[in-house]
Amino acid sequence: MSYDYDLFVIGAGSGGVRAANRAAQAGAKVGIAEERETGGTCVLRGCVPKKLMVYASQFSDLFKDAKGYGWTIGDSEFDWPTLRDTIQAELKRLTGLYNEGLAGNGVERIPHRAVVKDPHTVHIVEENRDVTAEKILVAVGGRPSLDRAADPDRIGIVSDDVFHLEEFPKRLVVAGGGYIALEFAHVFARLGAEVTLVYRGQTLLRNFDAGISARVESDLALAGIRYIPETVFTRLWEEGGEKHVELITGEVIDCDQILWAIGRTPNTEGLGLDLAGVEMGPKGEILTDDDYRTNVESIFALGDVTDRENLTPVAIREAMALVSTQFKDTPKRMEYDFIPKAVFTQPPVGTVGLSEKECLARGLDIEVYETDFRAMRNILAGNDERFYAKMIVEKGSEKVLALHMVGADAPEMIQLAAVAIKAGLTKTQFDETCAVHPTAAEELVTLARKRPGQA
Ligand SMILES: Cc1cc2nc3c(=O)[nH]c(=O)nc-3n(C[C@H](O)[C@H](O)[C@H](O)COP(=O)(O)OP(=O)(O)OC[C@H]3O[C@@H](n4cnc5c(N)ncnc54)[C@H](O)[C@@H]3O)c2cc1C
Ligand SMILES: NC(=O)c1ccc[n+]([C@@H]2O[C@H](COP(=O)([O-])OP(=O)(O)OC[C@H]3O[C@@H](n4cnc5c(N)ncnc54)[C@H](O)[C@@H]3O)[C@@H](O)[C@H]2O)c1
């Protein structure tokens, strides 16, 4: 049987684009459909514009810190439309580069919504035509969730909307306690907004090590962010040019914007997967085996739509493993242990390996080394920000199992520490590595302080 394509990819985000390019480079005939712009969440509504906003927001602390170093800074003023429009122009440039990359590799790009019709057929909705493929890859990602019961009129915004706001919100209320809620709470607070964070749970970043959660919570106060845990929104409304949110406690907060950052939902609604017989989980995530194959032999899925580890580098590595296995005859699998993670709070989080709680739950015999200091840079600045690090070491083997940090440059440090930790290096090997002085990172090769009570 002959098909129009060897591989047809639905969704041109981080995972889809990488799979399409690599499969085409390996000689496959590839098509890719995208209903919005090429690049997907990370490039257009996630990592990239978020990180640019983080950079923009860091200037306010720099201006404050500069005084202690002898600088007199005149009145500084932040202009939201300038930042918003500059970011959008940069994203347009990046989308263009992604399109050029696909074209350069000979991938046929269809700028429309596509849905699955049967195990080898994809329907291009706007063109009302079908294409056939030997293999179909579903890489449609996810979208921000919101609580429809509390917000039936959609008064609140979601992360996608943040990058297009007409006006800068002087008072922002955020629901959530994960990556997105925390990153935006810090960004907006530093850009000058009065921020309130409302979280339904007790422990922020609940899947992280408890040391990180505790430090991230105390850093909210340093940033001037009001934090209300164990609370949810019950009602949102607009009146007199303002937005209002009622909390389950009965308190009403008047504000300019309300941001839902309560998780993401896989984009599988109306995608035809049920017609093709593809199995999905309770959130609508696509279930696959370790080679990204669904229960339907010719249909594959990866990235956020599978709701494993919803991170760009994971989607990209999954795509490369898929192409190696399916199109290059060199089977490969993504390794999910030791995925380094960063949360771009201020100061940011960098982490790799199991949390202390997970180590204990697995019955591992561990030693915990901790450090908590005020970095040199902050002393003259009169800035109370601290650096926290926890290293978890397996007793006996001395292997470093995990490193959890909150502090300036932690995401940059964790990328490199992850190489050593994934390679299975021991605490002694860390200690035998000469320090770089004066840095905060040197603490990682001089960690001597075990938690009190440990031998
Ligand atoms: C605010 C925010 C910040 C983030 N920050 C980070 C970060 O700092 N670091 C990090 O690693 N990760 C971050 N992420 C997560 C990261 O963006 C995702 O993990 C990554 O984009 C997943 O890639 P993907 O290919 O699975 O899906 P996506 O990038 O979401 O791509 C899916 C694409 O499919 C398209 N599509 C959907 N349905 C159809 C259809 N039927 N037909 C055609 N096209 C369709 C969509 O329009 C989209 O372009 C962030 C996410 C958000 C929301
Ligand atoms: N730096 C990064 O790498 C980065 C940044 C942003 C997003 N991401 C990815 O995107 C995913 C989605 O991010 P997210 O922050 O939306 O989800 P999340 O799952 O990380 O956090 C959502 C949080 O909201 C809480 N919540 C749920 N309902 C609530 C309610 N009604 N009121 C208050 N709180 C409520 C949940 O308990 C949870 O803690 C992340 O898990 C991550 O994989 C990564």
Side-chain angles (χ1 to χ4, degrees), residues 9-19 32-51 53-54 95 98 110-116 122-126 137-147 149-151 158-160 162-163 174-184 197-208 228-234 247-248 259-272 301-316 318-319 339-345 348-349 411:
V9 182
I10 308 182
S14 305
V17 167
R18 182 59 64 98
I32 190 165
E34 169 56 56
E35 65 181 349
R36 298 169 83 172
E37 297 92 17
T38 311
T41 305
C42 178
V43 178
L44 301 164
R45 301 174 285 281
C47 334
V48 175
K50 178 277 305 285
K51 188 81 187 278
M53 286 181 72
V54 169
T95 296
Y98 274 76
I110 302 175
H112 295 302
R113 178 171 174 79
V115 295
V116 175
V122 169
H123 181 67
I124 311 295
V125 179
E126 283 87 344
L137 172 62
V138 183
V140 294
R143 62 179 185 284
S145 314
L146 56 79
D147 178 350
D151 191 9
V158 294
S159 58
D160 291 2
V162 165
F163 309 109
V174 183
Y179 288 77
I180 297 181
L182 287 161
E183 291 179 343
F184 283 129
L197 180 68
V198 177
Y199 173 48
R200 73 172 174 187
Q202 265 183 338
T203 312
L204 294 167
L205 294 174
R206 66 187 188 288
N207 296 326
F208 287 64
I228 311 178
E230 295 182 76
T231 307
V232 290
F233 298 169
T234 47
L247 310 184
I248 203 161
L259 172 65
W260 288 106
I262 59 172
R264 291 176 61 82
T265 309
N267 273 330
T268 47
E269 254 174 41
L271 202 62
L302 51 76
D304 283 13
V305 75
T306 60
D307 199 27
R308 275 192 195 88
E309 286 280 4
N310 298 330
L311 298 170
T312 287
V314 173
I316 287 175
E318 290 179 343
I339 295 174
K341 295 176 186 156
V343 186
F344 297 95
T345 42
V349 173

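Predicted, not measured: the structure shown is a model, and the values here were computed from it. All ligand and atom numbering here is 1-based and tracks the order in the structure.
- For ligand 1, the atoms sitting less than 4.0 Å from at least one non-hydrogen atom of H112 are 43 (C), numbered in the order shown with element in parentheses.
- Ligand-side atoms of ligand 2 in range of N310: 9 (C), 42 (C), 43 (O), range being under 4.0 angstrom from any heavy atom.
- If you number the atoms of ligand 1 from 1 as listed, the ones under 4.0 Å from a heavy atom of G15 come out as 25 (O).
- Applying the side-chain hydrogen bond (donor to acceptor under 3.5 Å, both in side chains) test to N267 and every residue at least two apart in sequence or in another chain returns R143.
- Among protein heavy atoms, atom 12 (C) of ligand 2 sits closest to R264 CD, 3.7 Å.
- Below 4.0 Å from some heavy atom of K50 lie the following atoms of ligand 2, by number and element: 1 (N), 5 (C).
- In terms of N/O distances under 3.5 Å, ligand 2 is approached by E183.
- The contact set between ligand 2 and L311, taken as ligand atoms under 4.0 Å from a residue heavy atom, comprises 3 (O), 44 (C).
- I180 N, 2.9 Å is the protein heavy atom nearest to atom 15 (O) of ligand 2.
- Applying the side-chain hydrogen bond (donor to acceptor under 3.5 Å, both in side chains) rule to E309 yields the partners K341; only residues at least two apart in sequence or on another chain are considered.
- Geometrically, ligand 2 and R206 share a nitrogen or oxygen pair separated by less than 3.5 Å.
- By heavy-atom distance, the residue among G142, G178, G263, A342 lying nearest atom 17 (O) of ligand 2 is G263.
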